[in-house]
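A quick write-up on the structure given underneath.
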There are 2 protein chains.
Amino acid sequence: MTAAEQKPDSRGRLSATDWEQAALEVLAQGGVAAVAVESLARTLGVTKGSFYWHFPTREALLKAAIDRWEQRDEDQVIAHVERIADPRERLRELFQRVSREVQSHLVYAALLQASDHPLVQPVIERISRRRLALLTAAYAEAGFEPRAARHRARLAYTAYSGFLQLNQRHGMPRMDQEEYQAYIDHVIETLVPA
Amino acid sequence: MTAAEQKPDSRGRLSATDWEQAALEVLAQGGVAAVAVESLARTLGVTKGSFYWHFPTREALLKAAIDRWEQRDEDQVIAHVERIADPRERLRELFQRVSREVQSHLVYAALLQASDHPLVQPVIERISRRRLALLTAAYAEAGFEPRAARHRARLAYTAYSGFLQLNQRHGMPRMDQEEYQAYIDHVIETLVPA
DNA sequence: TCGTGACCATACGCTCAAGTATGGAGCCAG
DNA sequence: CTGGCTCCATACTTGAGCGTATGGTCACGA
C-alpha cells in the first residue's frame, strides 16, 4: 500500500532510483532475501523486463540500495548528532534516536541479519566502526579513560544492535510505548554517566 | 578437519545422531543456510541417499539438530548456573560463560541470524524468554525493583546477543584475549551491582 | 547359505528465482 | 512521418537444492 505508487515520472515509467527506493522498503520489512526482482517488479506494477534494463543484476540493485541508505544514514545520524557539544547530551540523543527514524534502523537490522552476505559484510563493518568511534569519542570527552571509553562504547553499541535483533518480527514479549520509554531511560541511566 | 570423522560405528556407517552433530557444526560455522543435505553428505563422505534414509526431509534434520542443541543448552547453562546462591555471583558467572562454551554460543548466533525462519523463530522465542527470566530473577534477588530488574535484564541480554552478532565471521575490529577479558570485566562492573 | 534388513549410490524429476533474447509501444528530433 | 531511443512484456534458458525411485552391498541371524 506504500510501495505501489513510487513516483511515475509522467506516465508509469520507472527510474533506477525508484527501484532502489522500493528495494529499501522491502529490505526493511522482509530482509535481504525479500529483495527479489520478480517480487519487486510485481509490487511496482511491472515485470522483470523493466528491472534488467535499469540494473545488470540483482546484486547491483542491492548494492545501489544499500549505498543509498548508508549515505542517508551518514548524513542524518552523524551530522545531526555530532554537532551537540555536551557529550552526555550527545549520548542521550543517540539513544533516543533509536525510537524515531524507524525505517533506517529497520534496514540496519535487516543488514545485521544478513551480515554473512559478501555484499553487506563490508557495509556492516564500516557502519560498526563509524558508530563505535562516535560512541568512543563521546565517552572519552565525557571523562572516561581511553580504555574504559572503548569498552563502554562497545557495550552501548552491542546493546543497540541486540535490541534491534530481538525486536523485529520475532520473539521477545512486546513492549508498549510507556514500557519502551522507561526502558530507554533505564539504559541511559545505566550507560551514560551523570 | 573436524567434521569429517564423526563416529563410524564400526565400518563407515552413520546414524541419525551423526547427521545431527554434523549439522550443528556447519550451523555454527555457516548459519542455517549452510545446512544443506548434499553439502553435508559430502563432508560426511556419503551421498544424499544416506541422508534420506535417516530423515524424511531437511527440515526434520534442522529441527532435530536444534532440539538437541536446545536440550544441551538447557542442561548446561540453566542447571549449572541456577544453583549459585548469590545473585551477583550468578550474574558474573553468566557473563563469564560467554567466553567459554564457544560452540553453543556460535549456534545461538546462527539461529539469531535466521530468526525469521519458521522453524527457528519459536526456538529463539523460548530461549529468549528463559534467559530473560533468569536474568530478571537474578537482578530481582540482587535487590532491584521489579521494573528495574526487567529493564536491566533486557539490557544485559541485548548486550549479549549484540555482542555475538558483531563478533562472528564479520565486522568489528577483533579483540585479543586480554582486551576481551578486560571488556567482560567492564561489562560486569557496569551491569552488575556491587 | 540364504535372506532380510540397515545403510548407501546413482540417476532421475521438480521447483524457484536469476538471467537472457527478442520484440513491441510510445515519444521526440530531424 | 520516420528513425531511433527509452522503457517494458513475453518467453525462454540455466543452476542450485530438495526430494524420489530403485537397486546394490554388507552384516548377521536362522
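Considering only residues two or more places apart in sequence or on other chains, A:F163 meets the ring-ring contact (aromatic ring centres under 6.0 Å, His included) condition with A:Y180, A:Y183. Legend: residues meeting salt bridge (Lys or Arg N to Asp or Glu O under 4.0 Å) with A:R152, ordered by chain and number and at least two apart, are absent. In this structure A:E59 satisfies the salt bridge (Lys or Arg N to Asp or Glu O under 4.0 Å) test with no other residue, sequence neighbours excluded. In this structure, the side-chain contact (heavy atoms from CB on, under 4.5 Å) partners of B:A23, at least two apart in sequence or on a different chain, are B:V35, B:L40, B:L61, B:A65.
D:dC7 atom P lies 13 Å from atom CH2 of A:W19, rounded to whole Å. Summarising the geometry, the separation between CZ on B:F51 and P on D:dA21 is reported as 16 Å, rounded to the nearest angstrom. Atom CG in A:D18 sits roughly 14 Å away from atom C1' in D:dT6 (whole-Å rounding). Between the OH atom of B:Y52 and the P atom of D:dG19 there is a distance of 4 Å, rounded to whole Å. At whole-Å resolution of the value, NZ in B:K48 and P in D:dG23 are 18 Å apart.
Counting only distance, with no hydrogens or angles, the side chain of B:D18 and the backbone of B:S15 share a donor-acceptor pair below 3.5 Å.
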Between the protein and nucleotides 23-26 of chain C, which nitrogen or oxygen pairs are less than 3.5 angstrom apart?
none

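Of all the residues in residues 53-64 of chain A, A:T57, A:R58 reach under 4.0 Å from DNA chain C with at least one non-hydrogen atom.
The side chain of A:T47 lies closest to D:dA9, out of D:dA9, D:dC18, C:dA9.
Judged by closest nucleotide on DNA chain D, A:G49 is the one of A:G49 and B:E38 placed further toward the 5' end.
Residues A:Y160 and A:H105 place their aromatic rings such that the two centres sit under 6.0 Å apart.
Looking at B:V107 and B:D73, their side chains never come closer than 4.5 Å, going by heavy atoms from C-beta outward. At a threshold of 4.5 Å between non-hydrogen side-chain atoms, the residues B:Y108 and B:I124 count as touching.
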